[in-house]
Number of protein chains: 2
Amino acid sequence: MVAQTRTSACSECPIRHRAVCAECGTDDLAVLEMAKSYKTYPAGTRLASEGQPLMHFSSFVAGAATMSRMLEDGRRQTVGLLMASDFIGRPGRAVSAYDVEALSEVTLCRFERRTFETLVKRTPAIAARMLTMTLDELDAARELAVILGRMTAREKVAAFLVSMVRRLALIDGAEVPTDEVTFKLPLSRDQIADHLGLTIETTSRQFTALRKEGLIDLPGGRSVRIPDFQRLTLETGEDDDGGPLD
Amino acid sequence: MVAQTRTSACSECPIRHRAVCAECGTDDLAVLEMAKSYKTYPAGTRLASEGQPLMHFSSFVAGAATMSRMLEDGRRQTVGLLMASDFIGRPGRAVSAYDVEALSEVTLCRFERRTFETLVKRTPAIAARMLTMTLDELDAARELAVILGRMTAREKVAAFLVSMVRRLALIDGAEVPTDEVTFKLPLSRDQIADHLGLTIETTSRQFTALRKEGLIDLPGGRSVRIPDFQRLTLETGEDDDGGPLD
DNA sequence: GGACCGCATTGATACAGGTCAACACGCACT
DNA sequence: AGTGCGTGTTGACCTGTATCAATGCGGTCC
């Protein structure tokens, strides 16, 4: 089982792990191996800036970051939360369209942009993996549009918590919980507000309101306990069945 | 020049035109040719429904449609405007995540889903073209998130008009205008409101306000004349340079 | 012509969320 | 213990947008 050996040998890098190991020939694996480099950044690092050149295509191995755009007068909107297996940059674009800031210590698996473009062209499995990842990000961005465009502040916060739980479960490879969960938010109230198109005050008030109604528990230090996950899901206004669509 | 002959022979279908003709071998072209079928639908047709099976992967040849999600209580958010070269469906997903409704008469180039999945796997150029299209849609979805999350009603309407002009220019293969433009909106005020996360009344009021300030002209019948496109751009709050990033 | 209908506009009022301001809490540093 | 600072919470008030309601306007059908 050659594929398995490879899988375990490169589990840190989502690109290599998911796109290449299982499906690719040895040659491309070797090229990929030579091309990639790991790099770790402390929390708070600006990993990319809007309008600035972006020399690498990078994939998240560990840690989390926000991807955001700032308007002229300082209003900021976060358009995506980047976590394990998400990526920064895109083939064919030399300039970042967004600011990317590390929320925690972040480890990236990086490829020099030109090299990666060649790899995508030459290696069908990498292109296929890129396509799947991009389609998933597209779904996430559209979900966010629904939240931003049509939900109330309360629903936004509930939807955010629900999506965080689902996201963290996905990364852990665990099942999405049906009843009780406890986890730690990687974002400050400020950063949550920027993600939900709210102010920090409104965000804080909604957390408090949900707590007072027993939908969540806030033991302190950005921890959240959700006693009944299903019930919280109902607060988002979505007529969602809860299951993935694939 | 074989490629050119092919290009002119299949100009109606973006998938075939852009992804295959220029880059693919004859075999895959032949398969694609056999697999595709054109179909035209009248304005108002529901082309897909959230939660319903979607048997085809389709690409827009002509016409426009909205892609939207409805919440339990009837609130609707449009997450994308589909126009020539955009697509409905995704490889690997049998159920539509959104409602798609034709705004005008629409011609689609359709592939049976399974067939298309095979084609994507087998034909690198199709996968590459899909990836580019998906990355573009991802950018569009994130732009929308910025608009929905952080712009005022006035800015939203201005940004919508600006993006419509850019979009229409792209489809025509024309330059984005720097001064005067006139065009016809393919959306009703209602549909614009659902796209911008506003009510129809607020949307109408902002159109009126922009008209009163001479930023736009409304000759009637969904036509819009913009006397100074650059000036309108300034109303969106974006510190955009106006140029594409690629 | 008149009645109707879908779409757009305009006005009056209500309210969700923004703004401004004070205060609380935890934590590092001295 | 005391100070300072970053982060979060809460309160009072204000404003932009939603809501409710009326009117206009261009079609089309009888």
Side-chain angles (χ1 to χ4, degrees), chain A residues 42-44 66 71 73-77 101 103-104 147-161 184-213 216-225 235-237, chain B residues 42-44 66 71 73-77 101 103-104 147-161 184-213 216-224 235 237:
Chain A
T66 58
L71 300 183
D73 60 0
R75 285 173 285 175
R76 180 176 291 278
Q77 177 62 48
E101 276 163 296
L103 292 169
S104 58
I147 291 170
L148 292 173
R150 287 300 185 205
M151 288 193 188
T152 64
R154 177 199 175 85
E155 290 168 334
K156 283 178 176 181
V157 170
F160 168 74
L161 292 172
K184 215 171 151 227
L185 291 169
L187 309 191
S188 67
R189 292 285 184 272
D190 233 322
Q191 291 161 335
I192 295 170
D194 280 345
H195 189 51
L196 298 178
L198 299 172
T199 59
I200 178 172
E201 295 95 331
T202 300
T203 305
S204 178
R205 278 187 247 271
Q206 298 308 325
F207 268 92
T208 305
L210 292 174
R211 179 176 56 70
K212 285 191 175 156
E213 290 174 49
I216 62 173
D217 193 19
L218 300 169
R222 291 187 191 172
S223 289
V224 182
R225 196 182 73 89
E235 297 295 320
T236 63
Chain B
T66 58
L71 300 183
D73 59 0
R75 284 173 286 176
R76 179 176 292 279
Q77 178 62 48
E101 277 163 295
L103 292 170
S104 58
I147 290 170
L148 292 173
R150 288 301 184 203
M151 287 193 188
T152 64
R154 177 199 176 84
E155 290 168 334
K156 284 178 175 181
V157 170
F160 168 73
L161 292 172
K184 215 170 151 228
L185 290 169
L187 311 190
S188 67
R189 293 285 185 271
D190 234 322
Q191 291 161 335
I192 296 170
D194 280 345
H195 189 51
L196 298 177
L198 299 172
T199 59
I200 179 173
E201 295 95 332
T202 299
T203 306
S204 179
R205 277 187 247 272
Q206 298 308 325
F207 267 93
T208 306
L210 292 174
R211 179 175 57 69
K212 285 189 176 159
E213 290 176 50
I216 63 174
D217 193 18
L218 300 169
R222 291 188 192 172
S223 290
V224 182
E235 297 295 321

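Throughout, protein chains are lettered first and strands after them, A, B, ... in sequence-line order, and every chain is numbered starting at 1.
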Ser188(B) side-chain N/O to dG6(C) phosphate OP1/OP2 under 4.0 Å: no
Gly237(A) versus Glu155(A), closest heavy-atom pair with distance: CA-OE2, 4.1 Å
Distance, rounded to the nearest Å, where Ile200(B) contributes CD1 and dT10(C) contributes P: 13 Å
First-last contacting nucleotides on DNA chain D - partner chain A, under 4.0 angstrom, heavy atom: dT7(D) to dA12(D)
Closest non-hydrogen atom pair, Arg211(B) against Leu218(B): CD-CD1, 4.0 Å
CA sep, side-chain torsions, deciding dist, call: Val224(A), Asp217(A), side-chain contact (heavy atoms from CB on, under 4.5 Å): CA-CA 6 Å; Val224(A) 182; Asp217(A) 193 19; over 6 Å; no
Closest contact, heavy atoms only, Gly197(A) versus Gln77(A): CA-OE1, 3.7 Å
Nucleotide dG18(C), atom C1' - distance to CG of Asp190(A) in whole Å: 15 Å
For atom CD of Gln206(B) and atom C1' of dG11(C), their distance in whole Å: 15 Å
Contact letters for nucleotides 19-28 of chain C, in which S counts primed atoms plus P, OP1 and OP2 and B counts the base, heavy atoms under 4.0 Å: BB--------
Selection: residues 149-160 of chain A, any non-hydrogen atom under 4.0 Å of DNA chain C: Thr152(A), Ala153(A)
Smallest separation among heavy atoms of Arg189(A) and Thr203(A), with atom names: O-CG2, 4.2 Å
side-chain contact (heavy atoms from CB on, under 4.5 Å) between Asp194(A) and Arg150(B), intermediate numbers included: CA-CA 9 Å; Asp194(A) 280 345; Arg150(B) 288 301 184 203; 3.1 Å; yes
Touch class at under 4.0 angstrom, heavy-atom based, for Ser204(A) against every strand present: base
Sugar-phosphate only, base, or nothing, as touched by Arg222(A) at under 4.0 Å among non-hydrogen atoms: sugar-phosphate
Residue pair Ser223(A) / Lys184(A): nearest heavy atoms and the distance that separates them: OG-CG, 3.8 Å
Worked verdict on Leu148(B) versus Ile147(A) for side-chain contact (heavy atoms from CB on, under 4.5 Å): CA-CA 9 Å; Leu148(B) 292 173; Ile147(A) 291 170; over 6 Å; no
Side-chain heavy atoms of Ser188(B) within contact of Arg222(B), under 4.5 Å: yes
For the student: nearest non-hydrogen atoms of Phe207(A) and Ile216(A), plus distance: O-CD1, 3.6 Å
For atom CZ of Arg75(A) and atom P of dG18(C), their distance in whole Å: 12 Å
Side chains of Arg75(A) and Thr152(B) in contact at under 4.5 Å (non-hydrogen atoms): yes
Ile192(A) CD1 to dG17(C) P, straight-line distance once rounded to whole Å: 17 Å
